[in-house]
Amino acid sequence: MSNTRTIRFTLNGAPVKTDVEPHETLVDVLRQRFNIGGVRESCGQGLCGCCTAIVDGIAVSSCLFLAMFADGTAVDTIEHLGSSHRLDPIQEAFIEAGALQCGFCTPGFILMTKQLLDIHPVPSDDDIRHYLAGNLCRCSAYPEILAAVKLAARRRNSAAEPA
Amino acid sequence: MTSFELVEPRSLEETFALLDRDDPAVRPIAGGTALMLMMKSGLFSPLRLISLRRVEPRLAGIAFADGSVRIGAMTTFAALEHSPEIRRHLPVVTRTMRTLANPRVRNVATVGGNLAHADTHLDLPLVWIALGAQAVVVSPRGERIVAVEDLYRGYYETVLHHDELIAALHVPLRPTWRSVYVKVTTRTAHDWPALGIAVSLARDGSIIRDARIAVGAATKKATRLIQAETVLRGAAIDAAAVDDALLARAGDAAIGEISIEADSRGSASYKQHLLRVYLGRAVRAAAAAEPGA
């Protein structure tokens, strides 16, 4: 008996569907069926943040998220933030602050930073450290990441101010 | 992970029909964060998982009434963490949230799943025990109430039957009590605890009128420290500090009433030492806290 089922969801703004097995994780389905390279399975235990995806506006570890649970949702990844022509201010801030080296963890850090700044437009150092505690950078660019988040916050806030 | 069947019933009745009283390979799944780890590591290979996410709304939500709060089993940690009412009435829960996993896991993990998982290293069940919380358990035979301290039989084992579900948690609101949770990690701040301890105290001036203490991570299951509570109950404490001798007696009582287990985060004797030290610190912190903390 096959347990395969068709799931439908919105991926980075476009409606998609695919057949999945119950045991398939969202990270595997995004990478293998939809060629989404911005979600990466690293620790596989929800600790490192490399597989961060946004499901219905909420950040999840897609390595611990059954693909079938994405049925009927809107899934966004780093590919939906900015474009190659126009980066998101958070992406620009990470580049300017030199907050990456190999880049493997960067999509997760940037997506979590966006969530953080949506909740705390002016985060304290403690807010940033706490919110990003579940994201690991093996190049250890943490001081630069902290600076990038603060730079991104300043940019977003000045852009939000009336002219 | 091995393959399994995933079903998503829309009512409790449908859910009960899918559960199997005799088969542990048929299990409900809520957020799934803990089960996924067990399945990925091969510790658990289900035949059928019954997702509760589409089950009627009675499994979700936070409702205050008659001096208690009812927290639906499908309430996520993030919903608890960001609830202004929880922050006001049960601030120890809000504080504890910041020590649990990370924001992504808290966005998905649920109160009921956390209770049912029965891993002694989980923090929140200890807080619920100290707060005197009760689980509302439903099955085809009706509803029964199980105090959280009575929910666990052993390592990863609850007293629940395989056809029972945790529907909600009832937490009494006790505005004069003060509560503290201490997570003791020995490697990194975000490691699993070597010891978890929750203390809830009621004071009448300089007298400890009542105490509830729960310990985990060093024991097979989340365990209430009845003897240590007895030592503290009725004891006079100085307004500024709690007497060392009293805390030493409470520590002795605690060590005497439980069996401390070693794991990769510490030997039994080390954890015994941690328990003495952190029981004292937690009691002092609770005694010094504001009422309602």
Side-chain angles (χ1 to χ4, degrees), chain A residues 1-5 7 20-28 39 41 43-73 108-109 111-116 118-120 126-136, chain B residues 1-8 10 26-27 29-54 74 76-79 81-82 94-95 97-110 113 117 183 185 187-192:
Chain A
M1 181 188 70
S2 168
N3 291 317
T4 305
R5 212 171 70 204
I7 61 167
V20 296
E21 290 272 329
H23 65 279
E24 287 188 279
T25 57
L26 182 59
V27 63
D28 284 347
V39 286
E41 179 154 6
C43 75
Q45 301 176 54
L47 302 173
C48 76
C50 292
C51 68
T52 300
I54 310 297
V55 177
D56 282 343
I58 291 169
V60 307
S61 290
S62 61
C63 74
L64 293 187
F65 200 89
L66 289 175
M68 279 190 179
F69 287 174
D71 188 26
T73 69
F109 270 101
L111 289 176
M112 290 304 286
T113 300
K114 183 167 188 303
Q115 297 269 310
L116 168 67
D118 287 347
I119 308 167
H120 293 290
D126 186 52
D127 290 333
I128 299 171
R129 288 176 194 278
H130 170 71
Y131 205 80
L132 299 181
N135 289 72
L136 303 182
Chain B
M1 284 192 284
T2 53
S3 194
F4 51 83
E5 178 192 11
L6 180 76
V7 283
E8 300 190 289
R10 290 179 183 269
V26 174
R27 276 199 70 153
I29 180 169
T33 49
L35 268 189
M36 288 291 282
L37 292 178
M38 293 188 92
M39 294 191 290
K40 281 183 153 193
S41 62
L43 279 173
F44 177 55
S45 301
L47 285 175
R48 176 195 293 158
L49 288 182
I50 301 153
S51 167
L52 302 178
R53 71 190 187 116
R54 295 193 195 279
M74 290 296 282
T76 63
F77 284 8
E81 180 182 3
H82 300 300
T94 311
R95 291 195 302 272
M97 282 299 154
R98 287 181 68 89
T99 73
L100 303 188
N102 61 52
R104 286 181 311 279
V105 170
R106 296 201 295 273
N107 280 340
V108 176
T110 66
H117 192 53
K183 175 177 193 151
T185 56
R187 300 192 298 204
T188 67
H190 282 79
D191 193 10
W192 288 88

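Per chain, numbering begins at 1; letters A, B, ... match sequence-line order. Basis for what follows: all heavy atoms, side chains included, without hydrogens, waters or symmetry-related copies.
In this structure, the side chain of B/Asn102 engages the main chain of A/Gly46 through a donor-acceptor pair within 3.5 Å.
Applying the side chain to side chain contact (heavy atoms under 4.5 Å, CB included) rule to B/Asn107 yields the partners A/Ile58, A/Ala59, B/Ala78; only residues at least two apart in sequence or on another chain are considered.
Put simply, CZ on B/Arg104 and SG on A/Cys51 are 6.5 Å apart, with the number rounded to the nearest 0.5 Å.
Between B/Ser3 and A/Glu21, the shortest heavy-atom contact is OG-OE1, 3.2 Å. Among all heavy-atom pairs drawn from A/Pro22 and B/Leu6, the shortest one is CB-CB, 3.8 Å. Pairing each heavy atom of B/Phe4 with each of A/Asn3, the nearest pair is O-ND2, 3.0 Å. Residues B/Arg98 and A/His130 approach most closely at O-CE1, 3.2 Å, considering heavy atoms. Pairing each heavy atom of A/Thr25 with each of B/Met36, the nearest pair is CG2-CE, 3.5 Å.
When heavy atoms are compared at a cutoff of 4.5 Å, B/Ile29 approaches chain A solely by way of its side chain, counted from C-beta outward. Both the backbone and the side chain of A/Asp71 come within contact range of chain B, each with at least one heavy atom under 4.5 Å from a heavy atom of that chain.
Of the listed residues (A/Gly44, A/Gly134, A/Ala133), the greatest number of heavy-atom pairs within a distance under 4.5 Å of chain B belongs to A/Gly134. With chain B as the partner, the residue from A/Leu116, A/Leu64, A/Leu132 showing the most heavy-atom pairs under 4.5 Å is A/Leu64.
With a 4.5 Å cut-off on side-chain heavy atoms, A/Met112 and B/Pro103 count as touching.
The side-chain hydrogen bond (donor to acceptor under 3.5 Å, both in side chains) pairs that include a residue from residues 38-53 of chain B are A/Glu41-B/Lys40, B/Glu5-B/Arg48, B/Glu8-B/Arg53, where partners are two or more places apart or lie in different chains.
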